[in-house]
Amino acid sequence: MGRLSDTLHLVRNFFFNLVNKEFLIFLFFLLLSGAFWLITTMNETYEKEIPIPLRLEGMPKNVVVTSDTEDTLRVTVRDRGYVLASYLYGGNIMPLRLNFNTYNKGNGRGSASTSDLQKLIYQRIFKSSRITSIKPDKFEYTYNNGESKLVSVSLAGKILPGKSYYLSKIKFTPEFVTIYAEKNKLDSIKTMFTEKLNIANVTDTLEQTVSLTKIRGVKALPSTVKMSIYPDVLTEESIEVPITAVNMPEGKVLRTFPSRVKVLFTTGASMYRGIHAEQFRVEADYNEIQDHPSEKCSIRVVMAPSSLRNIRTEPEQVDYLIEAQ
């Protein structure tokens with residue numbers, strides 16, 4: 001039994017060693033062929049878009065850039081593969097730094113042309129590389145000398161409450177933002193609108209950060225605000241209000257039956273507690289009675305809180321009597 005075990009051990013080691021040798025040889029030639037393929041591939045000429053960070057520097061303290069300046073140039077470069085790989089993964093290209101005064105054209109504007117950008121980029125890449133395109137093809141900016149204005153924030157778009165709800169309040173935080181622009185634009189802008197929003201079926205308090213609409217040559221600080229939407233449950237309520245006669249000639253009195261009527265309206269559940277009869281006025285017009293004689297006179301609500309909806313009286317007409325004093 002001992003000899004049989006030794007024989008099996010020798011056979012197993014023989015085959016394992018044979019397999020290991022063949023695997024190592026296969027792996028060596030695989031790596032060798034891969035290396036040759038990589039060298040050949042990387043030695044070919046390609047075109048690749050390279051992102052280059054862009055910085056505007058050296059601005060005077062009182063200057064505020066009012067345009068949304070580009071922070072990255074997308075430069076398409078033609079060269080051998082290994083050179084392009086060094087640009088993409090080696091971190092060889094430093095950010096492009098443009099001096100404010102060098103490219104300032106006056107009158108609140110500055111720009112660097114395509115040729116200006118190419119000259120600066122060629123200083124940062126290998127001599128063998130060629131630029132085939134630059135996006136954007138030029139760098140432009142607008143600025144002012146600190147002129148600003150405080151304006152309110154307004155909603156642009158639609159916000160729709162859910163069924164049996166209404167929007168009791170929409171609040172922006174902050175409610176006002178500071179804008180920087182040329183004087184004529186500052187004078188023309190009364191409010192800064194949010195980006196266009198379309199929100200439907202709001203049934204609970206909703207808060208989200210929204211961006212302000214971008215206007216060319218205008219910089220808003222902050223450029224985003226927090227919007228809070230407060231929906232409320234709609235409820236139909238009523239309140240008793242006295243009828244007031246108007247346009248009565250001297251010596252006559254208008255008496256209505258009843259003298260008080262219900263005013264029905266729809267409002268938010270949380271707002272009903274703040275509604276009182278003194279906020280309403282229901283009138284019966286003597287001139288209308290004279291123009292359209294009838295057994296009953298019409299009454300109408302002429303004053304009510306602006307937040308109420310579907311306002312009406314019950315009844316809409318009442319009996320009346322005109323008496324001499």
Donor-acceptor pair, side chain of [X] and main chain of [Y], under 3.5 angstrom:
{"X": "Asp116", "Y": "Ser113", "result": "yes"}
{"X": "Ser188", "Y": "Lys185", "result": "yes"}
{"X": "Ser67", "Y": "Thr142", "result": "yes"}
{"X": "Tyr122", "Y": "Ile131", "result": "yes"}
{"X": "Lys214", "Y": "Asp68", "result": "no"}
{"X": "Lys149", "Y": "Leu186", "result": "yes"}
{"X": "Ser259", "Y": "Thr256", "result": "no"}
{"X": "Asn144", "Y": "Ala181", "result": "yes"}

Check the hydrophobic clustering (I, L, V, M, F, W, Y; side-chain heavy atoms under 4.5 Å; chains of links allowed) and say if [X] and [Y] are grouped together.
{"X": "Phe126", "Y": "Ile121", "value": "yes"}
{"X": "Val210", "Y": "Leu155", "value": "yes"}
{"X": "Ile243", "Y": "Ile239", "value": "yes"}
{"X": "Met303", "Y": "Val263", "value": "no"}

Got a second to check how far [X]'s [atom1] is from [Y]'s [atom2], nearest 0.5 Å?
{"X": "Ile52", "Y": "Arg55", "atom1": "CD1", "atom2": "CZ", "result": "12.0 Å"}
{"X": "Ser128", "Y": "Arg80", "atom1": "OG", "atom2": "CZ", "result": "8.0 Å"}
{"X": "Ile179", "Y": "Leu221", "atom1": "CD1", "atom2": "CG", "result": "10.5 Å"}
{"X": "Ile134", "Y": "Ile50", "atom1": "CD1", "atom2": "CD1", "result": "12.5 Å"}
{"X": "Phe280", "Y": "Thr244", "atom1": "CZ", "atom2": "OG1", "result": "13.5 Å"}
{"X": "Leu254", "Y": "Met248", "atom1": "CG", "atom2": "CE", "result": "5.0 Å"}

Ion pair present between [X] and [Y], side-chain N to carboxylate O less than 4.0 angstrom?
{"X": "Glu240", "Y": "Lys262", "value": "no"}
{"X": "Glu250", "Y": "Lys252", "value": "no"}
{"X": "Lys183", "Y": "Glu147", "value": "no"}

Please report the closest heavy-atom contact between [X] and [Y], naming both atoms and the distance.
{"X": "Pro305", "Y": "Ile311", "answer": "O-CD1, 4.5 Å"}
{"X": "Ile275", "Y": "Met271", "answer": "CG1-O, 3.6 Å"}
{"X": "Asn101", "Y": "Gly58", "answer": "ND2-O, 4.1 Å"}
{"X": "Leu98", "Y": "Ala112", "answer": "CD1-CB, 4.3 Å"}

Is the closest side-chain heavy-atom distance between [X] and [Y] below 4.5 Å?
{"X": "Glu182", "Y": "Arg109", "value": "yes"}
{"X": "Tyr46", "Y": "Val77", "value": "no"}
{"X": "Arg78", "Y": "Thr45", "value": "yes"}
{"X": "Val153", "Y": "Thr194", "value": "yes"}
{"X": "Thr72", "Y": "Leu54", "value": "no"}
{"X": "Ile159", "Y": "Leu167", "value": "yes"}
{"X": "Tyr165", "Y": "Val202", "value": "no"}
{"X": "Val177", "Y": "Leu150", "value": "no"}

| request: Decide yes or no on salt bridge (charged side-chain N to carboxylate O under 4.0 Å, His left out) for Lys138 and Glu140, but give the supporting numbers first. | output: CA-CA 7 Å; Lys138 60 182 176 179; Glu140 295 179 314; 3.4 Å; yes
| query | With a 6.0 Å cut-off on ring centres, are Tyr166 and Tyr230 close enough? | reply | no
| field | Phe100 ring center within less than 6.0 Å of Tyr143 ring center | value |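 They qualify: ring centres under 6.0 Å apart.
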| side chain to side chain contact (heavy atoms under 4.5 Å, CB included) between Glu237 and Phe265: does it pass, once the steps are laid out? | CA-CA 6 Å; Glu237 302 291 347; Phe265 53 86; 3.8 Å; yes
| request: Just jot down the side-chain contact (heavy atoms from CB on, under 4.5 Å) partners of Val302, sequence neighbours excluded, or say none. | output: Arg281, Glu283, Arg300
| task | Kindly determine whether Phe139 and Tyr103 satisfy ring pair (Phe, Tyr, Trp, His ring centres under 6.0 Å), including the steps that lead there. | result | CA-CA 10 Å; Phe139 177 76; Tyr103 301 99; 8.1 Å; no
With a 6.0 Å cut-off (strictly less than), is the heavy-atom count around [atom1] of [X], excluding the residue itself, greater than 12?
{"X": "Glu316", "atom1": "CD", "value": "no"}
{"X": "Lys163", "atom1": "NZ", "value": "no"}
{"X": "Asn184", "atom1": "CG", "value": "yes"}
{"X": "Glu295", "atom1": "CD", "value": "no"}
{"X": "Arg255", "atom1": "CZ", "value": "no"}

| task | Verify the distance criterion only: is there a donor paired with an acceptor across the side chains of Asp79 and Ser129 at less than 3.5 Å? | result |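 The criterion, which ignores hydrogens and geometry beyond distance, is satisfied for Ser129 and Asp79.
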| message | For Thr76, run the side chain to side chain contact (heavy atoms under 4.5 Å, CB included) check against Arg130, Glu49, Lys48, Lys135 and tell me which one passes. | response |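 Answer after filtering Arg130, Glu49, Lys48, Lys135: Glu49.
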| field | Tyr180 six-ring centre to Lys219 NZ/CZ under 6.0 Å and within 45° of normal | value |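 Ring-cation test returns no.
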| query | Does the side chain to side chain donor-acceptor pair (under 3.5 Å) test come out yes or no for Asp232 and Ser270, once each step is laid out? | reply | CA-CA 7 Å; Asp232 198 1; Ser270 62; 2.5 Å; yes
| side chain to side chain contact (heavy atoms under 4.5 Å, CB included) between Ser152 and Met192, intermediate numbers included | CA-CA 6 Å; Ser152 60; Met192 285 295 291; over 6 Å; no
| said: Val218 vs Thr66, test: side chain to side chain contact (heavy atoms under 4.5 Å, CB included). Steps then yes/no. | reply: CA-CA 5 Å; Val218 178; Thr66 57; 5.9 Å; no
| said: One pair to check against side chain to side chain donor-acceptor pair (under 3.5 Å): Thr191 and Ser154. What are the steps and the verdict? | reply: CA-CA 7 Å; Thr191 186; Ser154 299; 2.8 Å; yes
| Leu212 and Phe193: CA distance, side-chain angles, deciding distance, side chain to side chain contact (heavy atoms under 4.5 Å, CB included) verdict | CA-CA 6 Å; Leu212 300 179; Phe193 289 95; over 6 Å; no
| query | Under the side chain to side chain donor-acceptor pair (under 3.5 Å) criterion, do Thr213 and Glu195 qualify, and how do the steps go? | reply | CA-CA 5 Å; Thr213 299; Glu195 60 186 354; over 6 Å; no
